[in-house]
2 protein chains.
Amino acid sequence: MDLYFAPLACSMASRISIDEAGVAATFVEVDPVTKRTLGDGADYHAVSPLGLVPALRTDEGEILTENAAILQYVAERAPAAALAPEGPLGRARLQQWLCFIGTELHKALFSPLLDRKAPEGAKAYALEKGASRLAELDRHLEGRAFLLDRFTVADAYLATVLNWTVATPIKLDAYPAVATYLARMRARPSVARALAIEVPLYQQELARHAAKV
Amino acid sequence: MDLYFAPLACSMASRISIDEAGVAATFVEVDPVTKRTLGDGADYHAVSPLGLVPALRTDEGEILTENAAILQYVAERAPAAALAPEGPLGRARLQQWLCFIGTELHKALFSPLLDRKAPEGAKAYALEKGASRLAELDRHLEGRAFLLDRFTVADAYLATVLNWTVATPIKLDAYPAVATYLARMRARPSVARALAIEVPLYQQELARHAAKV
């Protein structure tokens with residue numbers, strides 16, 4: 001499979017999951033500003049019409065978009081890695097967390113905070129609404145190592161999203177269980193490897209665009 | 001199962017899906033302002049910590065939250081109704097649309113537009129970003145009756161979300177395939193029944209709060 005990613009974007013959750021799953025994958029970097037794939041300079045809109053990462057090309061050549069869908073697909077490709085719970089209730093619990101992270105944290109809280117083009121009103125609104133979500137997450141994570149009973153693709157997504165906190169005004173000191181969880185996730189080998197690969201690529205991305213200004 | 005809902009909220013997608021599935025359910029109305037269940041006046045935070053609908057109490061007494069999770073759980077309870085595709089790629093395609101509707105439309109576009117407390121900056125930002133999402137949806141729906149090959153829980157969710165357009169500045173004339181899809185969905189018996197139940201309840205909800213001002 002081919003994973004289209006941008007450094008430190010939510011596609012890092014797919015990289016972490018692919019690592020945990022032990023499946024073979026080719027990683028294709030997309031510049032989130034030019035929406036072109038690095039190397040060949042091809043227009044990424046031909047892969048993902050909205051230009052969003054991640055996108056996954058399966059071994060059968062199908063293109064999948066949307067983080068939650070790709071994460072569950074990767075988990076399903078490697079049942080031995082147990083990256084998704086089994087049974088109707090287990091699957092529902094995983095989907096519940098993927099949905100919470102995707103809607104309440106990623107889209108409603110972090111997207112406006114990380115978008116330089118978002119007006120101050122949008123950022124303040126996101127911060128205010130987000131506080132109750134972070135408090136609820138903190139309550140859930142207290143005394144837990146993972147979102148569910150063991151590491152799942154939802155943890156890969158949550159670690160990726162929480163990693164963005166450094167670029168926002170959010171202070172994780174107010175959410176000690178979340179802060180501890182993030183520190184533990186960053187130390188997890190698959191997450192540490194993903195950061196070791198993507199942090200330098202992100203710095204190169206910034207340098208590329210700084211050079212053009 | 002018990003479905004906790006608020007009239008015309010995204011929980012209507014679960015009502016439509018429960019109808020299509022033909023499973024037995026009790027519907028418990030939540031007042032979205034007071035966060036109390038109608039009838040007994042109980043604090044809904046005891047069911048859903050953030051006070052969000054929908055929540056589902058399964059026949060085994062488990063509480064599930066988050067729309068995408070509940071919709072897939074309902075679909076799984078009634079395989080004969082075929083409300084979710086089978087196979088890894090089919091499931092992934094369903095999850096892709098549930099995720100797109102939940103993140104790009106519901107949370108990023110409609111939530112700020114429908115929230116009276118959202119500042120103008122947040123609304124303008126949502127409208128501007130949302131236009132490309134609606135255009136992409138329009139392109140996908142052209143020549144299609146449903147999001148996938150047949151009616152799925154993703155259509156129940158999309159019909160519910162698009163139904164909110166009337167309360168926003170969005171003009172669906174610019175997206176003719178979306179407009180046609182919404183008209184067709186509103187005429188579908190399960191959707192028509194849901195609207196026939198929830199529109200009067202919504203009017204009662206408005207009247208309840210207007211009386212208090």
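In what follows, chains carry the letters A, B, and so on, assigned in the order in which the sequence lines appear, proteins first and then strands, with residues in each chain numbered from 1. Remember, it's a predicted structure, so these values are computed and weren't measured experimentally.
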message = Between A:Leu52 and chain B, with a heavy-atom cut-off of 4.5 Å, which part of the residue counts as in contact: side chain, backbone, both or neither?
response = side chain
key: Which atoms of B:Ile63 approach chain A - backbone, side chain, both or neither, heavy atom under 4.5 Å   = backbone
note = Sequence neighbours excluded, the answer for side chain to side chain contact (heavy atoms under 4.5 Å, CB included) partners of A:Ala159 is A:Met185
ask   = What part of B:Leu64 lies closer than 4.5 angstrom to a heavy atom of chain A: side chain, backbone, both or neither?
value = both
inquiry  = Please rank B:Gly121, B:Cys99, B:Pro119 by heavy-atom pairs under 4.5 Å with chain A and give me the top one.
reply    = B:Cys99
request  = Sort out for me which of A:Pro112, A:Ala118, A:Ala108 touches chain B most, counting heavy-atom pairs under 4.5 Å.
outcome  = A:Ala118
query = Among all residues two or more places apart in sequence or in another chain, which pass the side chain to side chain contact (heavy atoms under 4.5 Å, CB included) test with B:Ala81?
reply = B:Ala78, B:Leu83
remark   = Counting heavy-atom pairs under 4.5 Å with chain B, the top scorer among A:Leu56, A:Leu98, A:Leu50, A:Leu89 is A:Leu50
message = Counting heavy-atom pairs under 4.5 Å with chain B, which one of A:Ala126, A:Pro49, A:Ala69, A:Gly102 comes out on top?
response = A:Ala69
Show me, pair by pair, the donor and acceptor atoms from chain A and chain B that are under 3.5 Å apart.
| from | atom 1 | to | atom 2 | distance (Å) |
| --- | --- | --- | --- | --- |
| A:Glu62 | OE1 | B:Arg93 | NH2 | 2.8 |
| A:Ile63 | O | B:Arg93 | NH1 | 2.9 |
| A:Ile63 | O | B:Arg93 | NH2 | 3.0 |
| A:Thr65 | N | B:Gln96 | OE1 | 3.0 |
| A:Thr65 | OG1 | B:Gln96 | NE2 | 3.3 |
| A:Gln72 | OE1 | B:Gln95 | NE2 | 3.0 |
| A:Gln72 | NE2 | B:Gln95 | OE1 | 3.4 |
| A:Glu76 | OE2 | B:Arg91 | NE | 3.3 |
| A:Glu76 | OE2 | B:Arg91 | NH2 | 2.2 |
| A:Arg91 | NE | B:Glu76 | OE2 | 3.3 |
| A:Arg91 | NH2 | B:Glu76 | OE2 | 2.2 |
| A:Arg93 | NH1 | B:Ile63 | O | 2.9 |
| A:Arg93 | NH2 | B:Glu62 | OE1 | 2.8 |
| A:Arg93 | NH2 | B:Ile63 | O | 3.1 |
| A:Gln95 | OE1 | B:Gln72 | NE2 | 3.4 |
| A:Gln95 | NE2 | B:Gln72 | OE1 | 3.1 |
| A:Gln96 | OE1 | B:Thr65 | N | 3.0 |
| A:Gln96 | NE2 | B:Thr65 | OG1 | 3.3 |
| A:Glu104 | OE2 | B:Lys107 | NZ | 3.0 |
| A:Lys107 | NZ | B:Glu104 | OE2 | 3.0 |
| A:Asp115 | OD2 | B:Tyr125 | OH | 2.6 |
| A:Tyr125 | OH | B:Asp115 | OD2 | 2.6 |

Partner residues of A:Ala84 under the side chain to side chain contact (heavy atoms under 4.5 Å, CB included) criterion, sequence neighbours left out = A:Ala75, A:Leu94
